[in-house]
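The next block holds one structure in the form of structure tokens; read it before the comments.
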Amino acid sequence: MKYSIPDKRELTKPEIELLTYLLEKEKSEWINLIGNLKVIARCGCGKCPTVIFGKRFDSEIQKGNLIIDYIGKGKNGELIGISVFGTNQMPTELEFYSIDGESDITELPKIETLKRAEYK
């Protein structure tokens with residue numbers, strides 16, 4: 001599977017809402033960046049809602065570090081991992097994945113189900 005496939009577009013309202021929620025909780029200094037972010041690619045699987053950000057549609061994909069790590073639930077109760085990766089300047093990726101590896105993650109988790117990932 002390729003890491004990413006091109007997908008040049010503006011962020012959707014649900015993506016903005018989810019990213020706003022996460023940044024308000026964990027990285028408030030990035031809130032003002034959301035309006036300037038563009039989706040420049042999506043996950044190479046083509047099914048999950050993972051998106052990669054740039055400042056412009058022609059931005060190069062940047063590899064970021066894990067900044068925010070949350071867990072949420074899908075509409076059928078499946079556990080969804082939510083990760084925000086970024087550089088020192090901006091978020092670079094909003095990733096979604098199946099916690100148990102069994103579920104196909106095809107939509108964003110509900111914001112009211114989100115909680116910080118805790119690893120023991």
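The first residue in the sequence is number 1, and the count goes up from there.
Under the 4.5 Å side-chain heavy-atom criterion for grouping Ile, Leu, Val, Met, Phe, Trp and Tyr, Trp30 is not connected to Leu66 through any hydrophobic cluster. Neither Ile5 nor Ile61 shares a network with the other; the hydrophobic side chains, linked directly or stepwise wherever heavy atoms of I, L, V, M, F, W or Y lie under 4.5 Å apart, form separate groups for each. Put simply, Ile99 and Leu108 are part of two different groups of oily side chains (I, L, V, M, F, W, Y) that touch within less than 4.5 Å, one to the next. Taking hydrophobic clusters as Ile, Leu, Val, Met, Phe, Trp and Tyr residues chained together by side-chain heavy-atom distances below 4.5 Å, Tyr21 shares a cluster with Leu19. By the criterion of side-chain heavy atoms lying less than 4.5 angstrom apart, applied directly or through intervening Ile, Leu, Val, Met, Phe, Trp or Tyr residues, Ile71 is not grouped with Ile68; the two fall into different hydrophobic clusters.
By the side-chain contact (heavy atoms from CB on, under 4.5 Å) test, Lys47 pairs with Cys45, sequence neighbours left out.
To the nearest 0.5 Å, atom CZ of residue Phe96 and atom CD1 of residue Ile82 are 6.5 Å apart. Here Asp58 contributes atom CG and Lys38 contributes atom NZ; the two are 11.0 Å apart, rounded to the nearest 0.5 Å. Between atom CD1 of residue Ile40 and atom CD of residue Glu60 there is a gap of 7.5 Å, rounded to the nearest 0.5 Å. Distance check: Ile105 CD1 to Cys48 SG gives 8.5 Å after rounding to the nearest 0.5 Å. Here the CD1 atom belonging to Ile67 is positioned 7.5 Å from the OG1 atom belonging to Thr87, to the nearest 0.5 angstrom. Between Ser59 atom OG and Met90 atom CE the span is 6.5 Å, to the nearest 0.5 Å.
Remark: Lys27 engages Glu29 in a salt bridge, criterion side-chain N to carboxylate O under 4.0 Å. For Glu78 and Lys73, the salt-bridge test fails: no basic side-chain N is under 4.0 Å from an acidic carboxylate O.
Heavy atoms from other residues, nucleotides or ligands lying under 6.0 Å from CG of Asn88 number 12 at most. Atom CG of Asp7 has more than 12 heavy atoms from other residues, nucleotides or ligands within 6.0 Å.
Proximity of Val39 to Glu15: side-chain heavy atoms (C-beta onward) are separated by under 4.5 Å at one or more points. The closest side-chain heavy-atom distance from Asn36 to Lys55 is not below 4.5 Å. At least one side-chain heavy atom of Leu94 sits less than 4.5 Å from a side-chain heavy atom of Leu22. Taking 4.5 Å as the limit, every side-chain heavy atom of Asp100 sits out of range of all side-chain heavy atoms of Leu79. For the pair Leu18/Ile111, a side-chain contact is recorded, criterion being any heavy-atom separation below 4.5 Å from C-beta on. By the 4.5 Å heavy-atom criterion applied to side chains, Leu11 and Phe53 are counted as neighbours. Put simply, the side chain of Lys63 reaches to within 4.5 Å of the side chain of Tyr3, judged on heavy atoms. Under the 4.5 Å side-chain criterion, counting only non-hydrogen atoms from C-beta, Leu114 is in contact with Pro109.
Within the cation-pi definition used here (under 6.0 Å to the ring centroid, within 45° of the axis), Lys25 does not qualify as a partner of Tyr70. Because its NZ or CZ atom is not both nearer than 6.0 Å to the ring centre of Phe57 and within 45° of the ring axis, Lys8 does not count as a cation-pi partner of that residue.
For the pair Glu95 and Thr50, the tightest heavy-atom approach, listed with the atom from each and the gap, is CA-OG1, 3.5 Å. Of all heavy-atom pairs between Val84 and Pro91, the closest is CG1-CB, 4.1 Å. Closest heavy-atom contact between Glu107 and Ile80: O-CD1, 4.1 Å.
Ser98 places a side-chain N or O within donor-acceptor distance of the main-chain N or O of Ser103, the cut-off being under 3.5 Å. Using a distance-only test at 3.5 Å, with no hydrogens or angles considered, a donor-acceptor pair links the side chain of Thr92 to the main chain of Phe85.
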